[in-house]
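Written below as structure tokens is the structure these notes are about.
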Amino acid sequence: MATYNFEKLYFLVVDDNRHMRMLISNILRGFGVRYIFEAEDGSDAIRELRSNPIDIVICDWVMEPLDGFDFVKLIRSAPDSPNPFVPIIILSGYTEHFRITGARDAAATEFLAKPVSAKTLFSRIASIIDHPRPFVNAKHYKGPDRRRHASSTYKGLERRGMDNSSLNQVSSDDAVNGSRQMSQDDLDALFAK
Amino acid sequence: MKTSGGRGITPEEAIKKGEQMLSLLENEYPVWLEEDLRSLEELITLYSKKESNKADIRKKINIRIHDVRSQGTTFKLPLITGVAHSFCRLLEETQEDALLPAELFFLHLNSLRLVLEKKFDGNAGDAEKTLLKSLDKMVDTFLQKPEKIRI
């Protein structure tokens with residue numbers, strides 16, 4: 001049975017809602033995490049990343065002035081980024097397909113849908129530890145490898161092996177209403193290694 | 001490896017301890033929620049004034065109600081998440097510059113207060129279903145035919 005020791009890991013929790021930061025931090029303490037840093041927004045988070053050896057970032061999507069999307073892009077691509085390789089878990093209540101693919105293409109490592117539970121948070125952290133993604137440094141993308149393996153159990157959108165016409169049809173439908181909600185299983189498949 | 005060495009815990013142990021730590025916050029959650037609801041009330045009141053910068057206030061309302069939606073279910077009040085979701089639909093399924101009736105916002109806010117007061121935890125049966133259904137129906141009607149809403 002696999003065991004985990006989180007005592008030496010440094011976590012950064014980024015959310016403009018202090019209650020949400022408390023919620024996440026408390027769960028992390030339950031997991032045995034000792035070093036937890038907090039930031040109110042993306043700018044604050046970058047300051048913390050410069051000052052502390054952060055191993056994993058848990059970041060809300062919707063924040064001001066610098067939101068999760070811009071924060072991730074900055075961390076991955078800015079020449080003076082404190083750590084472009086740091087694993088980033090995006091936390092969000094928005095689960096429409098276009099937002100999830102947006103998070104993935106912005107180079108988030110994992111996505112966690114709110115409301116959060118100890119179980120779902122643990123599974124994301126374990127995924128980062130057990131299945132670290134290689135880093136891709138290409139002209140138009142810098143971040144964790146986004147490629148997925150074909151899953152025989154995943155029947156949803158963007159399944160490998162779909163013919164172009166059905167993929168285009170799905171894509172244009174999403175473009176029209178953009179509101180197809182994704183379940184946590186869909187998210188797992190989209191971010192699957 | 002930073003996660004090896006020392007006494008590790010199994011996933012089941014970690015999740016159980018995480019849930020225990022979360023349950024320590026359950027008594028604080030109503031206080032948090034009341035804080036969020038007060039802030040929402042101020043924002044909605046501001047929004048209802050003719051001279052207010054509605055686009056800016058609407059953004060702030062969206063962020064706040066989004067936070068409320070994110071926490072209800074975590075603290076065993078799924079109806080908070082349900083009502084907040086209905087509220088979020090009003091904001092997310094209309095154009096950013098659309099003028100929305102503050103009365104509909106207040107209706108959702110008062111519903112959230114009711115859920116908190118009565119501690120509707122998903123087991124109150126018909127009362128909960130009726131509340132959520134009514135709100136959803138009003139939002140559906142507004143989104144389809146905004147002029148038909150009468151509060």
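Please read all numbers here as calculations on a predicted model, not as lab measurements. Chain letters run A, B, ... following the sequence lines, proteins first and then strands; every chain starts at 1.
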Given the rule in the salt bridge (Lys or Arg N to Asp or Glu O under 4.0 Å) test, do A/R18 and A/E40 qualify, once you have shown the distances and angles that lead to the verdict? CA-CA 8 Å; A/R18 68 185 176 88; A/E40 278 188 351; over 6 Å; no

Considering non-hydrogen atoms only, spot the tightest contact between A/I27 and A/S117 and give its length. CD1-C, 4.3 Å

To the nearest 0.5 Å, what is the distance between CD (B/Q71) and OG1 (B/T81)? 9.0 Å

Spacing of CZ belonging to A/F85 relative to CG belonging to A/N137, to within rounding of 0.5 Å: 7.0 Å

What part of B/K16 gets within 4.5 angstrom of chain A, counting heavy atoms only: side chain, backbone, both, or neither? neither

Smallest heavy-atom separation, A/C59 atom then A/G68 atom, equals SG-CA, 4.1 Å

Based on non-hydrogen pairs under 4.5 Å, which of B/R64, B/E28, B/R69 is most in contact with chain A? B/R69

Any side-chain heavy atom of A/V57 within less than 4.5 Å of one from A/F71? yes

If one checks every heavy atom of B/Y29 against chain A at 4.5 Å, the contacting part turns out to be neither

What part of A/F122 gets closer than 4.5 Å to chain B, counting heavy atoms only: side chain, backbone, both or neither? side chain

Among the listed options B/M21, B/E19, B/E12, B/K17, the residue most often paired with chain A at heavy-atom distances under 4.5 Å: B/M21

Toward chain B, the part of A/A2 with a non-hydrogen atom under 4.5 Å: backbone

Examine whether an atom of B/E35 lies under 4.5 Å from a heavy atom of chain A, and if so say whether it belongs to the side chain, the backbone or both; otherwise answer neither. side chain

Given that the side chain runs from C-beta out, which part of B/Q20 has a heavy atom under 4.5 Å from chain A: side chain, backbone, both or neither? neither

Part of A/M22 lying under 4.5 Å from any heavy atom of chain B: both

A/K142 atom NZ, neighbour heavy-atom count above 12 within 6.0 Å: yes

Would you mind checking which part of B/I63 comes under 4.5 Å of any heavy atom in chain A, side chain (CB onward), backbone (N, CA, C, O), both or neither? side chain

If you tally heavy-atom pairs under 4.5 Å against chain A, which of B/L25, B/L24, B/D36 wins? B/L25

Determine, stepwise, if the pair A/K114 / A/D60 fulfils salt bridge (Lys or Arg N to Asp or Glu O under 4.0 Å). CA-CA 10 Å; A/K114 290 179 185 176; A/D60 191 22; 3.1 Å; yes

Is it the backbone or the side chain of B/E13 that comes under 4.5 Å from a heavy atom of chain A, or both, or neither? neither

Between B/D97 and B/R58, does at least one N-O distance fall below 4.0 Å, as a salt bridge requires? no

What option among A/V62, A/D16, A/L23 has the most heavy-atom pairs under 4.5 Å with chain B? A/L23

